[in-house]
Amino acid sequence: MITLDTYYQNIQWKHDQIDDNEPFEHKGSLLTYIILPKLTIGLSDWWNISIEQYIGHRHMDWYTDEMSLHHATSGSHSDFDNAKGGMLGDSKINLKFLLFNTGRRAGSRMFFGSGIVIPSDNQLTKSPYLTNEEGIYYNHRHFSMSSGVYKSNMNMQLFYKRNTNPVFVGFTFNYDKPIKYSNYGFSGSPYLELSFNALFDNNNIIKSPLILNLVMTHLMEANWDGIAAPNSTSTMLIPGIGILGSWGNVSYSINLQKPIFLDMVLPESGNDLNQEANAWQISFSIRKVLDLYIPWLYW
């Protein structure tokens, strides 16, 4: 099976002045564009393996005419004082096992998976929190396409098929744990994600299959060379709504989501600087099951 997911996220942010060196409001946007091709190969009736590659671009727009050491209009495709640019993000290889499946009947389906996340070279090369002897920050960027960190991955999916709406309900669990520092001393953040989903058939108000979901994500503390990265933890709730459709034997989905920041603190802003961040995101996915057979996998 081949899957192609595309994502667009728009974050508008602002906060008060950071220190006496920059006595003005800081505000801007961070836009993210992601393309995620994925190939899934069935190894047996119970096992499959998937390979996916993040490709994309992040772009910061600085809305203030004042010069800042902390923010500037720039994109992740290009190098910066403390970043290697490029379009490739992380790669992921995941092996998944189908624990049980009731088939076409009403009932439960459960998957367990495990894998590895492989970083790209498009990462930060120095901590963005370094200062000189006078306490002045060096020019820096806070974002890149990859964290530069190898991670292990664990995931689980549990769904229940029903005869009435919602015809599918369930949840997914995903956990990434850093297993090796980046080449530049960054630890990465352990990442936890829980997703609750409900699928309705076309017997609804819009007469089309409808998806409702609620995702909770949590990033834990990261560090540079053993020193905690300020404000590296964050928690978000992301409610969303989407529709399903098909073109021949290709299925697609369109989803609109509204991230809600529960405890996110913007880099260098602190809790007392009247920070604000508003975001929305949209995704479009297509999926095609290939009519291919790999003889050496079956005997």
Side-chain angles (χ1 to χ4, degrees), residues 5-13 26 28-37 52-62 68-93 116-131 137-153 174 176-193 217-234 236 259 261 264-269 277 279 281 283:
D5 298 323
T6 60
Y7 303 90
Y8 170 76
Q9 183 186 69
N10 185 312
I11 301 177
Q12 302 290 321
W13 58 268
H26 292 63
S29 66
L30 180 62
L31 310 180
T32 300
Y33 311 83
I34 297 291
I35 299 174
L36 180 59
E52 56 189 84
Q53 172 67 61
Y54 284 82
I55 306 168
H57 175 62
R58 288 193 169 95
H59 185 81
M60 172 76 77
D61 278 317
W62 173 237
S68 172
L69 294 174
H70 303 284
H71 309 292
T73 296
S74 65
S76 61
H77 66 287
S78 61
D79 293 345
F80 202 72
D81 290 20
N82 71 324
K84 284 187 176 180
M87 302 292 288
L88 292 181
D90 292 339
S91 305
K92 181 182 287 188
I93 301 173
I116 186 170
V117 178
I118 303 169
S120 76
D121 289 334
N122 308 319
Q123 56 187 277
L124 299 184
T125 58
K126 292 181 182 179
S127 169
Y129 305 102
L130 295 177
T131 61
Y137 285 89
Y138 296 104
N139 285 327
H140 58 268
R141 189 162 73 195
H142 285 277
F143 58 91
S144 59
M145 281 306 301
S146 173
S147 66
V149 176
Y150 281 88
K151 303 174 185 177
S152 62
N153 171 263
N174 188 68
D176 289 344
K177 179 177 176 58
I179 56 178
K180 181 182 178 182
Y181 273 58
S182 78
N183 293 333
Y184 305 98
F186 182 56
S187 72
S189 292
Y191 173 76
L192 176 67
E193 178 184 287
T217 68
H218 180 64
L219 278 172
M220 304 174 200
E221 186 177 81
N223 66 76
W224 284 92
D225 297 314
I227 301 173
N231 312 323
S232 55
T233 61
S234 67
M236 285 195 297
F261 301 101
M264 175 177 150
V265 180
L266 296 168
E268 298 148 340
S269 66
Q281 58 194 43
S283 65

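For clarity, every value in this text was computed on a predicted model and none was experimentally measured.
Checked by atom type and distance alone, the side chain of Arg141 never pairs as donor or acceptor with a backbone atom of Pro128 at under 3.5 Å. Between the Asn122 side chain and the Leu88 main chain, a donor and an acceptor come within less than 3.5 Å of each other.
Atom CG of Leu130 sits about 9.5 Å away from atom OH of Tyr137, to the nearest 0.5 Å. The line from NZ of Lys84 to CG of Asp79 is 8.5 Å long, rounded to the nearest 0.5 Å. Taking OG of Ser152 as the reference point, atom CD1 of Ile179 lies at 5.5 Å (rounded to 0.5 Å). Here OG of Ser127 is found 7.5 Å from CD1 of Ile227. Values are rounded to the nearest 0.5 Å. Note that CG of Asn153 is 5.0 Å distant from CG of Asp176, once rounded to the nearest 0.5 Å.
For the pair Gln53 and Leu36, the tightest heavy-atom approach, listed with the atom from each and the gap, is O-CD1, 3.4 Å. Residue Met145 comes nearest to Ser76 through the heavy atom pair CG-OG, 3.7 Å, listed as atom of the first residue, atom of the second, then distance. Taking every heavy atom of both residues into account, Arg58 and Phe143 meet most closely at O-CE1, 3.6 Å. For the pair Phe261 and Ala277, the tightest heavy-atom approach, listed with the atom from each and the gap, is CD1-O, 3.4 Å. Closest non-hydrogen pair, His59 versus Thr73, comes out as NE2-CG2, 3.8 Å. Taking both residues in full, the closest heavy atoms of Val117 and Lys92 are given as CG2-CE, 3.8 Å, listed atom of the first, atom of the second, then distance.
Checked against side-chain contact (heavy atoms from CB on, under 4.5 Å), Tyr33 has the following partners two or more places apart in sequence or in another chain: Tyr8, Leu31, His57. Qualifying side chain to side chain donor-acceptor pair (under 3.5 Å) partners for Tyr191, counting only residues two or more places apart in sequence or in other chains: Glu193.
Judged purely by distance below 3.5 Å, without hydrogens or angles, the side chains of Tyr181 and Asn223 pair a donor atom with an acceptor atom. With hydrogens and angles left out, the side-chain atoms of Glu221 and Ser232 include no donor and acceptor closer than 3.5 Å. No hydrogens or angles considered: a donor-acceptor pair under 3.5 Å links the side chains of Asn10 and Gln12. Side-chain atoms of Ser146 and Asp90 form a donor-acceptor pair, as typed in the model, at a separation below 3.5 Å.
The shortest distance between side-chain heavy atoms of Pro119 and Tyr150 falls below 4.5 Å. Residues Phe186 and Val149 form a side-chain contact, since some pair of their non-hydrogen atoms from C-beta on lies under 4.5 Å apart. Proximity of Tyr54 to Ile34: side-chain heavy atoms (C-beta onward) are separated by under 4.5 Å at one or more points. Taking 4.5 Å as the limit, every side-chain heavy atom of Lys177 sits out of range of all side-chain heavy atoms of Lys151. Looking at Ser234 and His218, their side chains never come closer than 4.5 Å, going by heavy atoms from C-beta outward. Residues Ile93 and Ile118 meet the side-chain proximity criterion, which asks for heavy atoms closer than 4.5 Å. Between Trp62 and Ser74, the closest side-chain pair of non-hydrogen atoms is not below 4.5 Å. Between Gln123 and Ser182 there is a side-chain heavy-atom pair separated by less than 4.5 Å.
Separation of the Tyr129 and His142 ring centroids falls under the 6.0 Å cut-off.
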Where do Trp13 and Met60 land on the side-chain contact (heavy atoms from CB on, under 4.5 Å) test, with the steps shown first? CA-CA 11 Å; Trp13 58 268; Met60 172 76 77; 3.5 Å; yes
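Annotation: Asp121, atom CG; neighbour count of heavy atoms from other residues, nucleotides and ligands within 6.0 Å does not exceed 12.
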